[in-house]
Amino acid sequence: MSAVRHHHAITLHEAVHASPTLGRLAELCRESGERLQAVFPLIPPAMRATVQAGPIEGETWCLLVQGAGSAAKLRQLLPLMRLRLAERGWGEVTIQIKVLAKSAP
């Protein structure tokens, strides 16, 4: 005698609410995007398209950037970014800048 399993598709929204792990991941993604929006006005307009919100791990938030030149400029802006995040209620945040690897053509 074999058991018959019926699988039904669930939405991503349902999966996130059913799993504490996925729910926490979704919350961190949302918060990372909010942090980027808070510091976005500090980033020169020509560079904004090269910057993405990255992961949050504890008190460390990562910004992902395309190109070493953009990364160097962002590093100069770190004190202002940390101040902006503190003003918006995120407290003492360590910001890491990671350069995205170029994909092969």
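Quick caveat: nothing in here was measured; it's all calculated off a predicted structure. By convention here, the first residue in the shown sequence is residue 1.
- In this structure Thr50 satisfies the side chain to side chain contact (heavy atoms under 4.5 Å, CB included) test together with Met47, Val65, Gln66, Ser70, sequence neighbours excluded.
- When hydrophobic clusters are built by joining Ile, Leu, Val, Met, Phe, Trp and Tyr residues whose side-chain heavy atoms come closer than 4.5 Å, directly or via intermediates, Leu78 is not grouped with Leu64.
- Between Ser32 and Trp61, the closest heavy-atom pair is OG-NE1, 2.9 Å.
- When all heavy atoms of Ala71 and Val99 are compared, the pair lying nearest together is CB-CG2, 3.6 Å.
- Residue pairs meeting the salt bridge (Lys or Arg N to Asp or Glu O under 4.0 Å) criterion with at least one partner in residues 41-67, sequence neighbours excluded, are absent.
- Listed by chain and residue number, nothing satisfies the salt bridge (Lys or Arg N to Asp or Glu O under 4.0 Å) test with Arg82 (two or more places apart in sequence, or in another chain).
- For Arg30, the side chain to side chain donor-acceptor pair (under 3.5 Å) partners two or more places apart in sequence, or in a different chain, are Glu27, Glu34.
- The CG atom of Leu63 lies 10.5 Å from the CZ atom of Arg75; values are rounded to the nearest 0.5 Å.
- At least one side-chain heavy atom of Val93 sits under 4.5 Å from a side-chain heavy atom of Arg35.
- A search for side chain to side chain contact (heavy atoms under 4.5 Å, CB included) contacts involving Arg84 returns Ala38, Val39, Pro41, Leu42, Glu87, Arg88, not counting sequence neighbours.
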Exercise. Given Leu100 and Gln52, is the side-chain contact (heavy atoms from CB on, under 4.5 Å) satisfied, shown in steps?
Worked result: CA-CA 10 Å; Leu100 294 170; Gln52 299 174 31; 3.5 Å; yes

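- In this structure the side chain of Glu31 reaches within 4.5 angstrom of the side chain of Ile56, judged on heavy atoms.
- Remark: Thr60 engages Thr94, Gln96 in a side chain to side chain contact (heavy atoms under 4.5 Å, CB included) (not counting sequence neighbours).
- Minimum interatomic distance between Pro44 and Leu77 (heavy atoms only, all atoms of both residues): CD-CD1, 3.8 Å.
- Taking hydrophobic clusters as Ile, Leu, Val, Met, Phe, Trp and Tyr residues chained together by side-chain heavy-atom distances below 4.5 Å, Ile97 does not share a cluster with Leu83.
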